[in-house]
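Structure record follows, encoded as structure tokens.
All values below come from the heavy atoms of this structure, side chains included, with hydrogens, waters and symmetry mates left out. Below, chain A is the first sequence line, B the second, and so on; all start at residue 1. In this text the structure is predicted, and so the values were computed from the model without any measurement.
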Amino acid sequence: MPDSLVIALIPLLPLTGFVLLGLFGKKIFRNNSGIVGTLLLLVATVLAIYIAYGYFFGYGKTNGVYQKLIPVHYSWLRFSENLSIDMGIILDPISVMMIFVVTFVSLMVHIYSLAYMKGEERYSTYFSFLSLFTFSMLGLVLSSNIFQIYIFWELVGVSSFLLIGYYYDRPSAVAAAKKAFIVTRFADLGFLIGILILSFYSNTLDFGLLIQRLTSPDSSQWRTATEASFLGISALTWGAALVFIGGAGKSAMFPLHIWLPDAMEGPTPVSALIHAATMVVAGVYLVARLFPVFAIGSPQAMHLVAYVGTVSAFLAAMIACTQTDIKRVLAFSTMSQIGYMMLSLGVSGFGTFDGSGYTASMFHLFTHAMFKALLFLCAGVIIHYVHSNEMNQMGGLRRKLPVTHISFLIACLAISGIPPLSGFFSKEEILFAAWRHNAVIYWMALITSGITAFYMFRLYFSIFWNKENSHQKEGGAQHAVEGGALMVLPLILLAIGSVCSGFIPFGNLVSFDGTPVESKPHISFSILPVGLGLLGILIAGWFYKKQNDRSDKIASSFSRIYQAVYHKFYIDELYLFITKKILFNLVGRPAAWFDKNIVDGLVNLTGNTTTMISEKIKGIQSGKLQQYAMYFLIGAAGLALFFIYYRR
Amino acid sequence: MNLSVLLLIPLLTAIAILLAPRNVQPRWIALVGSFIQLVFAFILLHLFYSEKAGNDAASMVFIRQYSWLTAWNINYEIGVDGISVAMILLTAFIVIAGVLVSWNVQQRVKEFYFLLIFLGLGAYGFFISLNLFILFFFLEIAVIPKYLLIGIWGSGKKEYSANKLALMLMGGSALVLVGLLGLYFSSGGERTFSLMQLARLHIPVGIQKIFFPLLFTGFGVFTALFPFHTWVPDGHSSAPTAGSMFLAGISMKLGSYGCLRVAVYLLPDAAKEYAPVIIVLSSIAILYGAFATMMQRDLKYMNAYSSVSHCGFILLGIGMLTKTAIVGAVMQMISHGLMTALFFAVIGMIYERTHTRIVSEMGGLMKVMPFVMTVFFIAGFCSLGLPGLSGFVAEITIFIGSWEHSGLFYRVATVAACMSIVVTAVYILRAIAQVAMGPVKNQQYLQLKDAGWNEKLAAIILIIGIIAIGVAPSWLNHLVSPGAEVIMQKITNK
Amino acid sequence: MEPGLYQVLFISTTLFFIGVYGFFTRRNLVTILMSVELILNSVNLNFIAFNKYLWPHRLDGVFFTVFIIAIAAAEAAVAIAIIINLYRSHQSIDVEKTEELKY
Amino acid sequence: MSGSTIIFYLLAALVLVSGWLAVTTRQIFRAAIYLLFSLVGIAGLYFWLQYEFIAAVQIVVYVGGIVVLIIFSIFLTQQSGQKLPSQKRGRIIFSILAVGLGLTLTMLQLFQYTFVKSTESPVSANVTSIGRQMLGVNDNGYALPFEVVSMLLLAAMIGCIVIAMKSPENEQK
Amino acid sequence: MKSEMVVTIIIFLLLIVKIGRGMKNELLLSIVQLLLLLNTVIALVYNQEGSLFDGMFRTSSLIGFQKGILSLGTYLISLLCTDWLKKNSNLPEFFILMLSALLGMFLMISSGNLLMFYLSLELSTIPVAALANFDIDKRISSEAAIKMILSSAFSSGILLFGISLVYGATGTISFAELPSKVNSGSLQTLAFVFLFTAFAFKLSVVPFHLWTADVYEGSPIAVTSFLSVISKGAFAFIFLTALYKVFGSLHDLWYHMLVILSIASMVIGNLFAIRQQNIKRFLAFSSIAQVGFILVGMSGGGASGISSVVYFVLIYVFSNLAAFGVASVISGQAGKENIDDYRGLYQTNPFLSWILALALFSLAGIPPTAGFFGKLFLLAAGASRGNYWFIAIAALNMIISLYYYLRIIRSVFMDKNEQPLGPVGKDSDSRFALLLCAVGIVMVGLMSWIYEYIQGLK
């Protein structure tokens, strides 16, 4: 059993970082804030590695099965004897894997940022936000309670908001931050209701109990949850699906992906950390966390996951081919890769259930974190150098930025699934899982992988080759070009990571039930994907290696489709329409109007009527003595009549 | 201990302010007084815990009873349970914050602070009184100071707003009055206003059905029950900063506390009868308020409408009539009190500097006044229910509580309520984005100063409260649950 | 037929309402005062009649009448004094002139 | 049809007719005279009812006092001989309606009601008994009302003096 | 009988003074004030049961207390209106008339039969009518006077007709014998209604209220306050006796009358008060509405009815006199009676403003002022009949009344005014009186023993 303090420290260190830097950053640490944050995180990383080692190769395994350990656990808010939000730390293969990924990538980004963000006005703020994010992300992956995960879910969202909006004086950045937060918030609504449903039927908020109760067909909760149905769909499916919507929002799955490209407005390291490696995979992690509920409890929900994943993967790949902003391309590729993970989780819902997809997805998550972070950091270097995000501003940088060039190439190969790089292994497992369960998804995935290779290398060639002799002038200050050691070191480390991580025997370590899964496909299986990948690379080379107009020709020949794809299938516009036109003009405005004129009007009306009446009846007080007397007599007579003839 | 001290301290403070010689600044007296009160509130909390440890059975503790008017059998009865202790803490927080925020009031300083403290007095009295007559007395005592605060120190169309507020609140209390008299005369042979005795006897359902609407609507007017909320926007936006803090922070809570403590607790059967109506109205208020907020240009109006929405949560929680929901409602009272007070404080700070409250005229203030804007962020995030801040805890508790009903009707209501968290996010973020972020619209904003010590202190006090609930809610939960438990017993039996 | 209580009552009631009519319609304050006198007299007649025909064992009615007459005198005196004063300021005692205070 | 009956109806006619004329005639001076007749008629009725004392008081106070007062006031305030302005028709109609309502209501009640008589022996209303009771204090003596009235008359007198008498400083104005 | 004695003695003293001309107004005024204070004290102490003159005059501790309230009010008026009184050329007459009116009210409260009631009613009316004309060379003053005397003559005519019918039907006029004789036969109902209207007229209950506003506005403010406070109080007291003791057997007849009339009074009074400009006229209508509330309490019946009404009248004396006092100070020294002239009063006269605010809040029934308790007990007494919609209407009327009271508060405290009227009301008398009223307004409510004491009286 691990020392709970050590584990607790892992999230708490970044938290202290956040508090320290947040409160005293400006006053005390100033330019050292970066160092402080990085050191704290370094410690956390070391601890994480220590824990991971200990778990995988020590106490984690009892008689060959990886256990769910809960070393830290206290009741945070107790609603009733059954329902309570507990703050706990769960240790199981995926969470351990995740804490490693998060801390490692985050550390890389911290180091990178030391140089990248130097001289920024809100330097310390930046690092405090970074630490906040790291803390929340760690909290998220370690959650032992479904509400705990929701809590950190929200925190992650807000820190992402803060970091996207870091350049708050840029309207575009502010808009992007808002968009990201609101879209994910919308998804979280689904998540919340899903939680409510699941917790209502399982009558607990604790993951272990919840999964156990909702997956064992003999438990009473299972029965009620499956029998209770709304619109002909079982409550369990509703719950699972709604939770998945939450996940889809965070993981930028179609159609909730629209915030991701804009999120690139944030500083590039942030994009690397949050919008490539860690936060965006939270959705995948969530589904994985509740995997049994999905897989056993409601296959329909699982199918949803699978299809959404597939569609997202494919669409994102398509769009990526047309984008010219390098970070956006990467963003869409991220989306597409996450689509892969989702679908590989989802396929387990088809036919005979096995855990291969689960493992594959986690594996891909791991490798993807490496090479995607690497890609972004490289992009950061490039942008730093070129001072532009536009591809066509670049070209022929391979001599200017050698290290970047190499690591970028590695990353590209990895993502295109070229052996023996990490991407190859993970992607192949995914394809294998898909192939075993569902043909359609398999083929879609396959094509997508081809496209992936194409657009990644389109990016690669047009940055590092293509118009050779541009940017000669900056050639002077060679040494500072790649931002010095602090920026290069992370590149190298991550490059190594993306090369080697493929060889980790993932199947033995991470699986949905803790027992090793053996899903190595026959070598012949990998011919097709790899071939496709290579084909993609060749085409990309043919188009973009040398400066030419072939690509434009193609584009113009398919202009209608090209435009559609270029505009991301007009999904943004659709959303804009819904929010602006429908929510604001058809709901908000009327509500405000109603309040101003009807509700308020009624109140004023009563007031005005009173005054009006009093104005009207003033004639009674006519000042005529005899009229007064007349009223007197009539009043008396009236009373007398009333009480003599009416009431008696 | 004797709770009358809670009344004595503000009373003495107020008198001291009135009698203060020229050279003593009233604001200092007010500050000292409210600080003592704050300390005392904490002492009360501590004593309450120890007392509870002593006898957990008693629903109310520190009960004192002095016969006041035997002719009508009206007694000065005071006592607290967890809920009231929580409310008292809230009041103490907001009073001191209000005093600090209105540090630079120029005209009629004496009167200003006198009224401020007097308002606090009313609130304390309301929360500790166990006799409906005394309760009503303190409920009404607070109306006129509000009127004067808005009318004299307010801004905008202050007369109109002040009038509207005073009249609508009086209307509410008129209904309450009729309801109370009804309770009194239907309380069996030996008529009484005493809360405890009334709670003990079973009022026939027929009678309950007559008086519950009166009482609930009456108190509801105070807590912006749809469609009686229309005093809220005008009143809040015209009031001076401290005034708005009081209005939204405390006085709206008087209403919800009354709904819970008097209407629901004493007339449980009728409460069950009318629960659907309450739920519908409050769900409407929640969404409708939120959407109305989206359309506002003026920060104060924005916050006022969002208060309508948030108080809808309180009423929803009460209407759901489950223990968790009621606990959630009380938490929301506290949370919304602190949060909205903080919001108004910030708005006041902004207004003091930029002399505008129109969102579109600001921008990039983050660069100009980082502290104020940070507070603005926190308030905003609290109001959109960010975990780690109090709003989240309260809302989640209400959701869980209302989800305990399995009927489709309740489900729909709850989901509708949940929807508001998105809308809230929309308008809060729009506000934050327009006010704090973006380029600095107006160049002379660059000269503006950041918050002064008093404003910082005020903000920090409130933020401490918010975070204390948000990060470790269980203490509040333990404080409140027994009280809610008592109410639940009344609701569930027979 | 033989005059009795009812005949007297008829007279007094009619007189009463004649007085009232005068009070309503006369425009001169003095004449209004006259109608008041008529009213009071009708009441007196009532008292006397009741005393005579129904309750002769005590003289309540008679005394009432006496005192009413006295009061009437006092009232008339004060009223006339006021009227005279009014005439000083208004140069008229038309009731239509005394309508400045209204609404 | 005995003589007393005839006298009664004559008196009744006198009272009502002159009363009616008193409130309708356009000549204010005549109005006063008609009022006088009507009051005298009432005095006659008192005689007819054998309440000589009251009749005497009526003659003395009203005819000798109030009517004279009224006539004086007319002289003070009115250029005699000129007609009174006539009342608006609408007012007259409404007054008739109101009065008619009251009259019919009262008459109906009076004549539907059967009065009970006291069985005790009547006391004579001669001057001595009235005088004795007027100043008696114990068994239904009317000393207290007497005092009250005297106070009232005093007050009225003072009031009249203050109001009606032009005080010197008013003269200067 | 002793209070009557005292008052009579004072009257005769003044008479002597008047005859032997030659005393400065100031001195005379202060002497009179002293005597009135004495009168108040005497009225309040040592009151015993009893009846004199063969039941024509009855008294009790409660009646004694009521007389005490009335004389206290008179004393306060004599203090509050010093400015006007000092200027007055015939001060002794003023007090003679006022005191004889007061005497009339005393006798009326303790009158034991209808004759006494009628006489003392006239005694309390005719001198006041004369008083109304005391601004001798003001047109409106004499207009007010003539309106008052003639309409009261009319109402007393109807009252007398009613009395005569009662006499005819029952053969007695003494309060002691009536209860056993009255029944709700149609003629007696008619007679009762006629009687009732007289009370309604004096209390200015709608629709018998129309004289009120005009007379209040026209007559000097001292007289107005006397009318609106003292005489209203007196008539409320005797009304209680008449309804509860004498006509107790017509219980549900007058209950329904009260319900109808009180609603009418509250509504009409409020509606008219909303748009008044002259402060006296405004207070006239507000007092009509207040009377509506008194009727609510009366309708309750029983001990709580009596005590709540007496209690309210006590409070009403303080509150209304405070309001009138401020008005009289201002009109006496600045000659302003228009509400618009009060704008920005707070800038120059904080003391007066606070007193006025206190008074108005008490009239509106806002805690912690005594008015709150007074109104509450009235409503409670009314509610004891279980007629809640009636109470609800009354409660809602409190809102309208609050609206127009706030109107004045607003113009005093909030409205800006370039040339507010200068500082006034510095003289000790009025200040003392106002303070007295303020103390009363605050204390009478919070000191519950006062209510207990009234409850204890019988």
Side-chain angles (χ1 to χ4, degrees), chain C residues 1-3 5-11 13-22 24-28 30-31 33-35 37-38 41 44-45 48-49 52-60 62-63 65-67 69-78 80-85 87 93-94, chain D residues 5 8-9 12 15-16 19-20 22-23 28 31-32 35 38-39 42 45-46 49 51 54 57-58 61 65-66 69-70 73-74 76-77 84-85 87 91-92 95-96 98-99 102-103 106-107 110-111 115-118 120-123 125 130 133 140 142 145 149 152-153 156 159-160 163-164:
Chain C
M1 68 213 145
E2 200 47 36
L5 174 62
Y6 286 98
Q7 283 69 12
V8 183
L9 285 183
F10 177 84
I11 298 171
T13 318
T14 322
L15 193 60
F16 183 86
F17 282 99
I18 287 174
V20 172
Y21 175 78
F24 288 170
T25 52
R26 296 304 245 172
R27 280 184 55 176
N28 183 309
V30 177
T31 44
L33 191 62
M34 293 183 197
S35 357
E37 298 303 336
L38 282 181
N41 273 285
N44 290 351
L45 202 49
I48 295 296
K52 170 80 179 175
Y53 287 104
L54 303 178
W55 318 103
H57 65 290
R58 283 173 58 186
L59 292 176
D60 294 336
V62 172
F63 279 99
T65 315
V66 173
F67 286 115
I69 292 174
I71 299 270
E75 210 163 31
V78 173
I80 284 171
I82 293 171
I83 289 174
I84 288 168
N85 188 12
Y87 181 72
I93 56 170
D94 189 343
Chain D
T5 319
F8 175 81
Y9 283 114
V15 168
L16 294 182
W20 175 253
V23 297
I28 184 163
L35 174 67
S38 161
L39 297 183
I42 288 171
L45 280 174
Y46 294 154
L49 291 163
Y51 281 125
I54 304 298
V57 172
Q58 170 88 356
V61 176
I66 296 173
L69 202 59
I70 287 176
S73 68
I74 293 174
L76 274 175
T77 60
L84 292 173
Q87 184 55 269
R91 169 70 61 78
I92 292 179
S95 326
I96 290 172
V99 169
L103 186 62
T106 325
M107 284 293 185
L110 278 172
F111 285 90
F115 290 94
V116 290
K117 298 168 74 73
S118 79
E120 301 162 48
S121 60
V123 295
I130 291 179
Q133 264 195 47
N140 56 47
Y142 284 82
V149 169
L152 174 56
L153 288 171
C160 295
I163 297 166

Let me know if C:Leu45 has heavy atoms under 4.5 Å from chain D in its side chain, its backbone, both or neither.
-> both

Specify which of C:Arg26, C:Arg27, C:Glu37 makes the most heavy-atom pairs with chain D at under 4.5 Å.
-> C:Arg26

Do the side-chain N and O atoms of D:Gln58 and C:Asn41 include a donor-acceptor pair separated by under 3.5 angstrom?
-> yes

Chain D contact via C:Gln7 - which portion, at a heavy-atom distance below 4.5 Å = both

Side chains of C:Tyr6 and D:Leu110: closer than 4.5 Å at any heavy-atom pair?
-> no

Closest approach of C:Lys52 to D:Leu49 (non-hydrogen atoms, all atoms of both residues) = NZ-O, 3.5 Å

Can you name the closest pair of heavy atoms from D:Leu16 and C:Ile18 and give their distance?
-> O-CD1, 3.9 Å

What part of C:Asn44 gets closer than 4.5 Å to chain D, counting heavy atoms only: side chain, backbone, both or neither?
-> both

Report the option among C:Thr14, C:Thr31, C:Ile71, C:Leu33 that has the most heavy-atom pairs separated by less than 4.5 Å from atoms of chain D.
-> C:Thr14

Segment of C:Thr65 engaging chain D (4.5 angstrom heavy-atom cut-off) = side chain

Using non-hydrogen atoms only, which part of D:Phe8 is less than 4.5 Å away from chain C: side chain, backbone, both, or neither?
-> side chain

ring-ring contact (aromatic ring centres under 6.0 Å, His included) partners for C:Phe16, two or more places apart = E:Phe161

Would you mind checking which part of C:Val30 comes under 4.5 Å of any heavy atom in chain D, side chain (CB onward), backbone (N, CA, C, O), both or neither?
-> side chain

Report yes or no: does D:Glu120 contribute a side-chain atom to a donor-acceptor pair with the main-chain N or O of C:His57 at less than 3.5 Å?
-> no

With distance as the sole test, does D:Lys117 use its side chain to make a donor-acceptor pair with the main-chain N or O of C:Trp55 at under 3.5 Å?
-> no

The interface call for D:Ile130 against chain C, heavy-atom contacts under 4.5 Å, is both

Region of C:Ile80 that comes under 4.5 Å of a non-hydrogen atom in chain D | side chain

Hey, mind stepping through C:Tyr87 and D:Leu76 against side-chain contact (heavy atoms from CB on, under 4.5 Å) and telling me if it holds?
-> CA-CA 9 Å; C:Tyr87 181 72; D:Leu76 274 175; over 6 Å; no

Which heavy atom in D:Ser38 sits nearest to a heavy atom in C:Leu15, and how many Å separate them?
-> OG-CD1, 4.3 Å

Side chain to side chain donor-acceptor pair (under 3.5 Å) partners for D:Tyr142, two or more places apart | C:Asp60

Partner chain D: residue of C:Ser35, C:Ala70, C:Ala73 with the largest heavy-atom pair count (under 4.5 Å) | C:Ala73

Determine the minimum heavy-atom distance between C:Leu59 and D:Gln133, stating which atoms define it.
-> CD1-NE2, 4.1 Å

Measure C:Phe63 against the heavy atoms of chain D and call it side chain, backbone, both or neither at under 4.5 Å.
-> side chain

